[in-house]
Amino acid sequence: MNKNNFNVLIIGSGLAGLATALKLADKKSIGIVCKTNLTESSSHWAQGGISAAISSKDPISSHISDTKIAGAGLCNEAITEFVVNNSEKALDWLIKIGVAFTKNKKTNDLNLTREGGHSQMRIAHVADTTGKAIQEHLIKKILSHPNITVLENHIAVDIITSEKIKMKMKKNTCLGAYILDNKKNIVNTFSANNIVLATGGASKVYLYTTNPDVSTGDGIAMGWRAGCKVANMEFVQFHPTCLFDVKDRSFLISETLRGEGAKLVLPNGETFMEKYDDRGDLAPRDIVAQAIDYEMKRKGLTCVYLDISHKPADFIQKRFPMIYQRCLDRGINITKEPIPVVPAAHYTCGGIMTDQSGKTNINQLYGIGEVSFTGLHGANRLASNSLLECLVFSSTAATSILNNDFSHDHKLPKWDESRVTDADEEVLITHTWNELRRFMWNYVGIVRTNKRLSRALHRINMLRDEVGEFYKNFKISSNLIELRNLLQVAELIVLSSIERKESRGLHYSKDFPKPDKIAKNTVLVPPNFKD
Ligand code: FAD
Ligand code: SIN
């Protein structure tokens with residue numbers, strides 16, 4: 001077999017990509033490409049845990065209802081029921097591959113915790129480094145599997161479809177992808193019978209984010225360009241509590257701190273969440289982030305504080321060892337003092353539309369994990385439902401791939417190498433990147449208005465023309481690929497926000513402050529869409 005030819009090509013090495021690969025590898029040849037290395041992903045940084053209704057005190061109906069309440073009327077009922085019904089199975093799969101979830105010392109049962117919007121303790125975790133523990137186990141298995149080839153430092157540029165190369169097929173079909181080998185600086189053509197986009201979210205489109213650098217919405221942009229429908233991109237989840245640090249790169253302070261009793265306070269120690277919601281500090285994220293934003297603007301504050309110092313020091317150190325240490329490294333002893341926090345872009349609820357098998361509207365192209373829109377999260381994702389979604393849809397997609405016998409040996413066109421000039425103006429790329437992330441933060445953030453959105457759209461259109469010219473004329477680089485994708489995703493977020501003439505969940509507009517009676521998804525159809 002040609003080295004660039006796989007039965008299944010998986011783009012992304014987060015939980016969605018790796019779980020799908022392992023579920024297929026005994027029967028199919030698998031290629032996994034990832035931008036930098038296998039570990040760089042949001043999955044690796046997941047802290048809080050994975051939600052699963054496994055306690056005898058927690059009926060499945062309660063997890064379903066919490067997901068729907070957080071989703072503010074927009075969760076797809078059938079998908080929500082399906083995912084929650086499969087949550088125990090998903091958790092068992094992780095336990096079987098060796099993930100040692102934190103247990104209750106006395107009972108030896110899993111130690112379940114809580115986050116905003118959950119009415120029950122139902123989140124399984126490995127202290128405060130759940131993602132790292134899961135990913136390390138998966139990576140070990142991936143690296144030892146004979147049918148899996150891993151290509152690090154490989155960046156997918158675009159999907160190759162039958163429509164794009166003008167090949168007559170009954171339905172637009174995915175046949176391969178162009179992938180930049182970032183070490184050798186060449187774009188190779190990959191051929192595959194199935195392609196899985198598992199590229200994660202797009203929160204790097206905002207100035208402040210909890211996400212790693214790889215989260216630039218590449219899969220959403222590639223899917224859109226290839227002809228995939230995209231939904232609900234306006235619902236960007238801002239996590240309420242990211243460490244406020246002006247000097248250093250920031251990081252997430254898990255919501256499970258509040259699940260274990262931490263309180264949000266103003267600089268004078270006054271609590272405030274009870275003014276906004278009966279659930280107080282454990283209200284869903286949209287409500288907490290909007291409340292913090294309001295308090296900060298009202299009082300001219302640079303941050304608010306999260307205080308867990310009333311809990312015993314040894315409990316805090318054991319339960320949150322990573323957060324304790326990382327804060328201590330920056331001079332904050334969380335057992336003694338409150339933590340300065342601000343909201344930051346965290347999760348992309350929208351994405352390329354998929355069905356229950358992870359299939360997009362393009363044949364042989366799947367989307368799994370944060371890149372996708374399955375209908376589970378509605379207008380606001382319930383905390384810790386994302387790792388769960390990655391696992392449940394990796395199973396359904398694997399089944400669908402195993403049950404389809406599509407194969408092709410079409411010769412795919414090589415990457416157009418006519419852009420031979422190396423760009424000597426890298427500063428244009430970094431400048432545009434910074435400008436985009438700043439105005440997205442200021443104009444398309446937690447609170448939106450018609451005026452801010454139309455300003456943002458105007459800027460995006462200008463920058464897209466400039467970057468489009470650059471893309472046509474110069475050799476591509478990882479920065480240019482990401483910037484082009486970020487601009488595409490920014491446009492989708494702004495267009496969806498403009499289309500939603502109401503406030504719901506994570507989308508709050510000062511011009512339309514109330515929700516409509518009927519909840520509807522925002523579905524954007526690309527110009528080259530073919531049914
Ligand atoms: P990711 O894990 O982000 O992986 C994306 C992969 O795609 C990476 O390997 C990247 O290199 C690759 N990639 C991207 N673009 C390209 C390209 N063009 N070419 C090649 N490769 C590409 N959710 C929970 O349920 N529970 C939690 O406790 C939790 N905590 C979180 C904490 C943090 C700090 C963050 C950032 C998120 C957290 N979330 C949590 C959300 C959750 O981690 C993510 O939604 C989930 O891990 C996404 O998994 P994924 O596999 O879809 O994408
Ligand atoms: C957290 O630990 O607060 C993040 C959990 C999530 O995003 O689901």
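Whatever order the structure lists them in is the order used to number ligands and atoms, beginning at 1. Along the sequence shown, residues are numbered consecutively beginning with 1. Predicted, not measured: the structure shown is a model, and the values here were computed from it.
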For [X], is the [atom1] atom crowded, meaning more than 12 foreign heavy atoms sit under 6.0 Å from it?
| X | atom1 | result |
| --- | --- | --- |
| Lys164 | NZ | yes |
| Lys359 | NZ | no |
| Lys141 | NZ | no |
| Trp433 | CH2 | yes |

Measuring from [atom], which candidate in [options] has the nearest non-hydrogen atom?
| atom | options | value |
| --- | --- | --- |
| atom 5 (C) of ligand 2 | Arg285, Gln237, Arg381 | Arg285 |
| atom 13 (N) of ligand 1 | Thr199, Leu252, Thr256 | Thr199 |
| atom 47 (O) of ligand 1 | Gly200, Ala177, Ser43 | Ser43 |
| atom 28 (O) of ligand 1 | Gly49, Gly219, Ser13, Gly14 | Gly49 |
| atom 36 (C) of ligand 1 | Asp213, Leu388, Asn211, Leu391 | Asn211 |

**Asked** Ile32 and Ala21: which non-hydrogen atoms are nearest, and at how many Å?
**Response** CD1-CB, 3.7 Å
**Nearest heavy-atom neighbours spanning Leu382 and Ala70** =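 What the structure gives for the nearest pair is CD1-CB, 3.9 Å.
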Quick test: of every protein heavy atom, which one is nearest to [atom], and how far off is it to 0.1 Å?
| atom | result |
| --- | --- |
| atom 25 (O) of ligand 1 | Leu387 N, 2.8 Å |
| atom 19 (N) of ligand 1 | Ala156 N, 2.8 Å |
| atom 35 (C) of ligand 1 | His346 CE1, 3.4 Å |

Should [X] be counted as touching ligand 2, given the test is an N or O pair under 3.5 Å?
| X | answer |
| --- | --- |
| Ser384 | yes |
| Asn385 | no |
| Gly48 | yes |

**Prompt:** Are Ser400 and Tyr366 close enough, and set up right, to give a side-chain hydrogen bond (donor to acceptor under 3.5 Å, both in side chains), and what steps lead you there?
**Reply:** CA-CA 10 Å; Ser400 163; Tyr366 292 79; 2.7 Å; yes
**Item:** Row check, Trp224 ring normal vs Lys229 NZ/CZ: under 6.0 Å, within 45°
**Value:**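 Here Lys229 fails the 6.0 Å and 45° test against Trp224.
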**NZ or CZ of Arg285 within 45° of Phe238 ring axis and under 6.0 Å** =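 Here Arg285 fails the 6.0 Å and 45° test against Phe238.
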**Item:** Any Leu252 heavy atom less than 4.0 Å to ligand 2
**Value:** yes
**Prompt:** Quick one: does Trp45 get an N or O within less than 3.5 Å of an N or O on ligand 1?
**Reply:** no
**Request:** May I ask you to check whether Ser215 has an N/O atom sitting below 3.5 Å from an N/O atom of ligand 1?
**Result:** no
